[in-house]
Structure formats: structure tokens, C-alpha cells
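Reviewing the structure listed below.
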Amino acid sequence: MLVSTERLDGLPLVIVSGEIDHGSSGTLQTELDPVLDEGATIILLDLSDVTYIDSGGISVLLSAVRRLRNEGWLAAVNPNANVRRLFEIVGLKADQGFRLFDDREAAAAAVQKLTEQ
Amino acid sequence: MLVSTERLDGLPLVIVSGEIDHGSSGTLQTELDPVLDEGATIILLDLSDVTYIDSGGISVLLSAVRRLRNEGWLAAVNPNANVRRLFEIVGLKADQGFRLFDDREAAAAAVQKLTEQ
Amino acid sequence: MSGTSRCRTISVAPDAVRLAEIRRFVEETAVEAALDEEKIFDLKVAVSEACANAVEHSGGEHAPLEICAFVYSDRIVFEVSDSGDFRVPAAQLRSGRDNRGLGLPLMAALMDEVCISKTPRGGTKVALSLLL
Amino acid sequence: MSGTSRCRTISVAPDAVRLAEIRRFVEETAVEAALDEEKIFDLKVAVSEACANAVEHSGGEHAPLEICAFVYSDRIVFEVSDSGDFRVPAAQLRSGRDNRGLGLPLMAALMDEVCISKTPRGGTKVALSLLL
Ligand SMILES: Nc1ncnc2c1ncn2[C@@H]1O[C@H](COP(=O)(O)OP(=O)(O)O)[C@@H](O)[C@H]1O
Ligand SMILES: Nc1ncnc2c1ncn2[C@@H]1O[C@H](COP(=O)(O)OP(=O)(O)O)[C@@H](O)[C@H]1O
């Protein structure tokens with residue numbers, strides 16, 4: 001698993017690739033923690049190149065969702081069909097602190113719309 | 001399941017008989033809640049006549065133990081061998097908020113010793 | 001598994017108040033199979049946990065639970081079947097899940113084998129086995 | 001279960017960094033058995049969860065995990081064996097167990113059958129089956 005953080009329209013954009021499992025999820029947690037600590041209410045998480053995820057990775061996403069839920073959300077960008085299916089099975093998809101987008105632009109546009117309100 | 005509350009040496013003594021399962025555990029919870037709410041730090045729970053317990057009942061005991069753990073304990077009095085074995089399997093026996101006694105007198109004596117210190 | 005099985009079945013409305021009745025069925029079957037008190041207790045707990053899960057998680061269906069007992073020469077098996085999908089506990093439920101998640105581990109700790117399977121008609125079957 | 005089984009086994013040190021390697025084994029076996037991508041993914045998740053549990057919960061033993069694959073004509077089965085007792089999560093662990101307790105439910109939701117059993121030598125075996 002590889003992970004890095006950039007900015008898109010001022011929002012934190014965390015880009016992950018590879019497999020997020022019980023062995024690698026700690027690295028993702030370590031990347032997300034400072035972003036959460038600095039008070040982000042919306043985090044974009046680009047999963048385009050994530051080929052695998054299990055409860056190791058999902059636990060990390062759930063922690064982030066729980067911290068963001070009241071004021072914002074975690075935006076998962078472009079997970080593959082299997083990852084998406086797993087998000088549904090564990091109930092992430094139905095969580096109000098979690099959103100799915102097909103690409104980064106759609107995610108950024110949704111945020112734009114929110115700030116315009 | 002039947003449950004009632006008395007006092008022994010000023011301590012709340014909750015006496016349960018019968019089977020504590022997912023159907024009946026709510027009644028035990030309802031009996032323990034006001035005792036916990038009034039600020040008891042030690043609760044005696046006489047289980048001599050409890051013939052059965054499962055995770056329904058154990059969940060209620062765990063909630064009580066969690067509330068008592070920092071300042072006192074839940075004293076389980078005279079559970080039968082099977083109930084005792086289950087307490088061990090679920091890790092209750094090793095919890096610092098939980099104590100086992102063979103009879104009410106032993107439990108009251110332990111409390112007495114504590115207050116004398 | 002060797003020997004012929006004797007099979008007994010009960011069908012019970014999915015309600016926690018019926019768990020005591022299910023345990024009487026477990027007790028009778030286990031006493032007939034000459035199990036010791038400790039094993040009878042463990043079977044009662046495991047079957048109750050499986051039935052409590054079926055009542056709570058099978059999805060508000062009103063279909064009855066089916067409990068089947070099989071006594072083989074070397075083991076006793078109780079199968080609990082409901083008519084709902086097996087589900088992963090919802091995220092909302094999972095926060096503040098302090099006392100949740102004891103049922104399946106308790107079954108596995110007490111039994112020699114626990115099998116959870118999908119039934120052909122979209123339900124869940126939990127088979128609990130104890131060696132004699 | 002019908003048909004002859006082809007059986008393959010790997011033995012891996014109990015360390016979460018080895019999970020990726022175990023998934024390669026699952027993938028190879030499943031691709032050979034001509035499973036579709038969705039089923040391969042589900043098997044990888046289920047086997048990883050079982051192995052992650054064995055690594056975390058089998059009790060600090062250094063004994064390797066054994067993963068055996070059986071391919072039958074109607075199903076594929078992966079068995080994960082470790083050398084520790086199955087345990088109920090400790091009360092201390094259970095408070096603040098916010099994200100815990102996903103592994104077993106996920107296995108049961110993804111597979112057609114999950115069997116947890118005690119091995120003769122005091123270990124735990126988790127068998128994960130998917131119908132073809
Ligand atoms: N018969 C069932 N049907 C559907 N889902 C089930 C069933 N049994 C268990 N589950 C799922 O497995 C999870 C874990 O079960 P268990 O360990 O007994 O803990 P709890 O019931 O306290 O959550 C449940 O929360 C539920 O999501
Ligand atoms: N291989 C194993 N050996 C011993 N105990 C196990 C094993 N697998 C699971 N368990 C027990 O079952 C519990 C539930 O497992 P699981 O649902 O995967 O959630 P988690 O691992 O997050 O607690 C574990 O906490 C542990 O107590």
C-alpha cells in the first residue's frame with residue numbers, strides 16, 4: 001500500500017494505492033490522523049488504485065467517518081466494484097458521514113455546492 | 001427470572017433467581033440501574049438460585065462492572081459451577097471491577113475490611 | 001460422523017420470550033443422549049445465543065425459527081435456521097457496541113464446531129456441534 | 001460435496017505482513033478453479049480475516065499458520081489453522097471495541113459456509129466455503 005496527501009480546492013486529498021489490510025492499515029491511519037487533528041471536516045480519499053480492502057482498512061475508514069460525521073464527511077473517490085460492494089456490506093454506504101463519488105471533480109463539485117449554500 | 005433488592009450492612013444486595021437470558025435480562029438491568037444511579041460503589045449480587053446465564057445476562061453484568069470499576073466492584077455471590085465457568089470464559093473473573101464470593105457473609109466481610117483500611 | 005442420527009425438530013416464533021422453551025428442548029434431548037451437566041449447560045448457552053441472534057438479526061421476519069437436534073454416536077448437533085440473510089453489524093450499531101459481539105465468540109468457545117451457512121432459500125443456518 | 005479434491009497447503013509465520021502472500025495463494029488457487037473476480041475477491045477477504053484473527057488472537061504462539069485449499073467440483077474451501085484456543089474477547093477489549101467484531105460477521109456474510117472448530121491439538125480451525 002502507498003499513501004500520500006495533496007490538496008484539491010483547499011481540501012485534503014488522500015491518495016491510496018494497493019492493498020489496505022490488517023498489515024498496512026496502520027500506515028493509512030497515520031496519514032489520516034494529522035488531517036483529522038487539524039480540523040478537516042471533509043476529506044477526499046482517492047481509492048482509484050486500491051485493489052483490495054478488508055476489515056483492517058474498513059476500521060480505519062470507520063474511525064474517520066465517526067470523527068467527521070457530525071460536521072462533514074469522508075468522500076471515497078472511485079473505489080472499484082469489489083471495494084464498493086464491501087462498503088455496502090459493512091454499512092458504510094448508508095452512513096451519513098460517508099459519501100461515494102465517481103471522480104475527484106464530482107467530489108470537489110459537491111463540496112463547492114455545499115459552501116455556496 | 002425473579003429479582004429483588006435488599007440491604008446487607010448498608011450495602012445494596014440484589015437477589016436473582018432462575019434464568020438470566022436475552023428475554024429476561026432487561027428486568028435485571030431495570031433493577032440494577034437505580035442502584036447504580038444512586039451512587040453505589042459496591043453491589044452484592046446473590047446468584048445462588050440462578051440456574052442459567054448467557055450473553056444476555058452477562059452484558060448487563062458487564063455494564064454494571066464498567067460503571068463500578070474505578071471506585072468499587074460488583075460482588076457476585078455463590079454462582080453455581082457452570083455460571084462461574086462462563087464468567088471465566090468471558091473474562092469477567094479477571095476484571096478488577098468484579099469479585100466472586102462463596103456467600104453473602106464473605107462478601108460483606110471483604111467490604112468491612114475495605115472500609116476499615 | 002458415524003452412527004445413525006435421531007432427529008427432533010421444533011419450530012418457535014421469533015421472540016426472546018421463547019428462548020426458555022427452546023432450552024427445555026435442548027435439555028431434554030441432551031439428557032436423553034446422556035450428556036453430563038457441563039455439556040448440557042454449554043449446549044443451552046450456544047443454542048440460546050444462536051436463537052437470540054436469529055430473533056434479533058434475521059430482519060423482523062415473522063417466520064418461525066427451526067431448531068433441529070441430531071444425535072450421532074460420537075456427537076450431538078443442534079441446527080438453528082431462520083429466514084433472513086446473515087448481516088454485518090451496522091456502523092451505527094458498532095459504535096457503543098460495548099457489550100455486543102459476545103454471541104458468536106461464545107458459541108465458538110463452548111462448542112467443538114460452529115458452522116454458519118446460507119440456506120437455499122436465503123436464510124441463515126447455525127449448526128452447533130459437541131463431541132460426546 | 002462431490003468430486004475429487006485437489007489440495008494445496010501453505011504454512012506462513014503468524015505476522016500480519018504475511019497476509020498479502022496468503023492472498024496471492026488464494027488468488028492463484030481460485031483463478032485455477034476458474035472463479036469469477038467477485039468470488040475471488042470475497043475469498044481473499046474471508047481468508048485474510050481468518051488469518052488476521054489467527055495472528056492476533058491465537059495467543060502469541062510462534063507456530064505457523066496453515067492454510068489448506070480444497071477444490072471440489074461444486075465448491076472451494078480454504079481452511080485456516082492456528083495453534084491457539086478460540087477465545088471470547090476480553091471485557092477490557094470490549095469497551096471501546098468500536099471497530100472490532102467485523103471479522104467473523106464479514107466472513108459469514110461473504111461465504112456460503114464458515115465453520116469454526118477445535119483441532120485435536122488444542123488449536124482453532126476456520127473453514128471457509130464458497131459454492132462454485
Ligand atoms: N442469524 C443471524 N442473521 C443475521 N445476522 C446475524 C445472525 N447472527 C449473527 N448475525 C450478525 O453477526 C453479528 C455478531 O453477532 P454476535 O457475535 O452474536 O453479537 P451481537 O448479536 O451482540 O452483535 C450480529 O451483530 C449480526 O450482525
Ligand atoms: N483464531 C482465533 N483464535 C482465538 N480467538 C479468536 C480467533 N478468531 C476470532 N477469535 C475471537 O473472536 C473474536 C471476534 O473476532 P472478529 O469478529 O474477527 O473481531 P475482532 O478480531 O475485531 O475482535 C475475537 O476478538 C477473538 O476473541
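Numbered from 1 within each chain, the chains take letters A, B, ... in sequence-line order. Every value quoted in this text rests on a predicted model; they were computed, and no experiment measured them.
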List, one per line, each side-chain donor-acceptor pair under 3.5 Å for residues 45-52 of chain D, sequence neighbours excluded.
unit_1: Ser48(D); atom_1: OG; unit_2: Tyr52(A); atom_2: OH; d: 3.0
unit_1: Ser48(D); atom_1: OG; unit_2: Arg23(D); atom_2: NH1; d: 3.1
unit_1: Ser48(D); atom_1: OG; unit_2: Lys44(D); atom_2: O; d: 2.8
unit_1: Glu49(D); atom_1: OE1; unit_2: His22(A); atom_2: NE2; d: 3.1
unit_1: Glu49(D); atom_1: OE1; unit_2: Ser55(A); atom_2: OG; d: 2.7
unit_1: Glu49(D); atom_1: OE2; unit_2: Ser55(A); atom_2: N; d: 2.6
unit_1: Glu49(D); atom_1: OE2; unit_2: Ser55(A); atom_2: OG; d: 3.1

Which portion of Met111(C) sits near chain D, non-hydrogen atoms under 4.5 angstrom: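 The backbone, not the side chain.
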Proximity breakdown for Leu131(C) and chain D, heavy-atom pairs closer than 4.5 Å: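 Contact with chain D: none, neither part.
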4.5 Å side-chain heavy-atom contact, Arg87(C) and Pro105(D):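 No. Closest side-chain heavy atoms not under 4.5 Å.
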Distance-only criterion, 3.5 Å: show the donor-acceptor pairs between side-chain atoms of residues 120-130 of chain C and protein atoms not counting sequence neighbours.
unit_1: Thr124(C); atom_1: OG1; unit_2: Gly84(C); atom_2: O; d: 2.7
unit_1: Thr124(C); atom_1: OG1; unit_2: Phe86(C); atom_2: N; d: 3.1

Closest non-hydrogen atom pair, Lys118(C) against Ala109(D):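 So the minimum-distance heavy-atom pair works out to NZ-O, 2.8 Å.
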Separation of Asp112(D) CG from Thr119(C) OG1 (nearest 0.5 Å):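 So the gap between those two atoms works out to 10.5 Å.
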